[in-house]
J.: 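Quick one: this structure, given as structure tokens, is what I'll be asking you about.
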Number of protein chains: 2
Amino acid sequence: MNESPPGGPPPAPKGTVTQRAIERIKAMIGEGLLEPGQRLPTERDLAAQLGLSRSSMREAVRALTVMGVLEARHGSGIYVTQLQAGDLLETFGVVADLSRGPRLVELLEVRRALESTAAALAAARITPEQLKAVEGHLAAMNATDDPEEILAHDLAFHREIAIAAGNETMAAILEGLSSRTFRTRVWRGYQEEGAYARTRREHAAIHRALAARDPEAARAAAAAHVAEVEQWLRAQVGT
Amino acid sequence: MNESPPGGPPPAPKGTVTQRAIERIKAMIGEGLLEPGQRLPTERDLAAQLGLSRSSMREAVRALTVMGVLEARHGSGIYVTQLQAGDLLETFGVVADLSRGPRLVELLEVRRALESTAAALAAARITPEQLKAVEGHLAAMNATDDPEEILAHDLAFHREIAIAAGNETMAAILEGLSSRTFRTRVWRGYQEEGAYARTRREHAAIHRALAARDPEAARAAAAAHVAEVEQWLRAQVGT
DNA sequence: TGACCGGCAGTGGTCGGACCACTTCGATGG
DNA sequence: CCATCGAAGTGGTCCGACCACTGCCGGTCA
């Protein structure tokens, strides 16, 4: 109501209140004041503490929820997520879903770089159990004609390799790049052109390289595999 | 008020109203009903159309804003973004900001894979103007002792290369992986150990490979550059 | 004694309305 | 013709109420 007109009051007024709240909560987590899994005060209390209305606070919470930082459980409370790579990169899938034309090719270029690296790492680190799982999906993929099932095992095949690479962040990104709708859109056309045989051969090659613990071969096989789809898509888009 | 008790009413009840609104708007954009840059109806109208309160609608808009899909301009309206890679991958920086310990190493592994690929692509595609810009940042970086300035030109150096690679998506991801706070945190310690000379040498090597239009050399130089930091960080974390 | 279950308090989810801050654009006056 | 001002429109914020769900505590019954 008063305060010295110039100078400005202590609560540095920058951006919207909601934006400020988002930053403050994010900062609290960044500084370790809020541990993963910990429960936050109620929306009402939180709003009071940060000096804003519950509505605005709810928007801040929603924003952080989308970012994968917080998790709101109806009737229970608001919690900090485990901050796993998967939590934070969940929105990554949206990019794949909304991308069109040239951007799809770019996404596959990114995927080629990561998938080949993951395969190389996996070749060096994969455990016998994980190798067994990879073989399982490979066999299941070859044993059925149902496109849905093939797609499912295809996804699982690559996921298993990404995990075996021992880099959760990379695995989470690849997961996003293979989001359900993305894969469906791109592969629909690709596999309808009788590319099943080629896909099987390429998957087999990747598995062989993994079994042989040959990083370079795995890298090459994975890169070639993604490049095949990439080339096809490039032709479709007309680039 | 009535309706046949079983069966359930038409408006398929799944998840929260806000969540449904998010999906519906996202779907509209995905199906091309909403073009990039287009203005949406007002919050009040949108809420009425989708049959929910303005509060809930605002949360939906906030969520899509965080995802980089929508943009709200105070006093003007809500607009669909250009859906550029940069818009959609803005939240990627949050991952880098909130990551600690082992995950930082994982992020650098990802960066190594992408940065080396980008360098290879850039070597083949870079234009004389872009090469000039790269040289400019290289020179500026060597001409000052101010850590802040060095960091700024360092970032610009890598950004220029990422852009020259001609893959906006890859550039956007790398941008996120080099977010201000991330770089500051990691490089603070690294460069204080007198790594400036080494950094300069490595940057020069990358530039040399680009000038020579040698993709393989560029890939190797970039990979080695990131690997240096990665090794240092690995030692710090104790992995 | 033990498991079951009923109700109750607490919390997030939704709603409606009011007012504020900012942008936009047309009317006004020079 | 241009600059200025003002009103309408829109997002931003706040308030208060009620709904839906979770979790827990105490009572009940086998």
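So that the names make sense, note that chain A is the first sequence line, chain B the second, and so on, each numbered from 1. From a predicted model like this one, the values you see are computed outputs, not experimental measurements.
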J.: Report the residues that fulfil salt bridge (Lys or Arg N to Asp or Glu O under 4.0 Å) with A:Arg100, sequence neighbours left out, ordered by chain and then residue number.
T.: none
J.: Using only atom types and a distance under 3.5 Å, with no angle test, would you say the side chain of A:Glu106 pairs donor to acceptor with the backbone of B:Glu168?
T.: yes
J.: Strictly below 4.0 Å, heavy-atom distances to any atom of DNA chain D: list the hits from residues 34-45 of chain A, or just say none.
T.: A:Arg44
J.: Quick one: label B:Arg58 by what it contacts on the DNA or RNA (base, sugar-phosphate, nothing), any heavy atom closer than 4.0 Å.
T.: base
J.: Nearest heavy atom decides the nucleotide; on that basis, is A:Gln19 or A:Ser76 closer to the 5' end of DNA chain D?
T.: A:Gln19
J.: Nearest-nucleotide wise, let me know which of B:Ala72 and A:Gly75 is further upstream toward the 5' end of DNA chain D.
T.: B:Ala72
J.: Please list all pairs passing the side-chain hydrogen bond (donor to acceptor under 3.5 Å, both in side chains) test where one or both residues lie in residues 22-41 of chain B, with sequence neighbours left out.
T.: none
J.: Under 4.0 Å from a heavy atom of chain A: give me the 5'-most and 3'-most nucleotides of DNA chain C that qualify.
T.: C:dG10 to C:dT14
J.: Going by side-chain hydrogen bond (donor to acceptor under 3.5 Å, both in side chains), name the residues that satisfy it together with A:Gln84, two or more places apart in sequence or in a different chain.
T.: none
J.: Sub-3.5 Å donor-acceptor pair from the side chain of B:Ser56 to the main-chain atoms of B:Leu52, do we have one?
T.: no
J.: Rounded to whole angstrom units, what separation is found between the CZ atom of B:Arg62 and the P atom of D:dG12?
T.: 7 Å
J.: Within the distance-only criterion (no hydrogens, no angle test), does the side chain of A:Thr81 pair as donor or acceptor with the backbone N or O of A:Val69 below 3.5 angstrom?
T.: yes
J.: Say whether, by atom type as modelled, one donor and one acceptor occur between the side chain of B:Glu230 and the main chain of B:Val105 under 3.5 angstrom.
T.: no
J.: Heavy-atom contacts under 4.0 Å between residues 48-56 of chain A and DNA chain D, which residues?
T.: A:Leu52, A:Ser53, A:Arg54, A:Ser55, A:Ser56
J.: Output yes when a side-chain donor or acceptor of A:Thr117 lies under 3.5 Å from a complementary backbone atom of A:Ala113, and no otherwise.
T.: yes
J.: Walk me through it: do A:Glu160 and A:Lys132 pass the test salt bridge (charged side-chain N to carboxylate O under 4.0 Å, His left out)?
T.: CA-CA 10 Å; A:Glu160 199 68 43; A:Lys132 267 276 180 293; over 6 Å; no
J.: More than 12 foreign heavy atoms under 6.0 Å from CD of A:Glu90: is that the case here?
T.: no
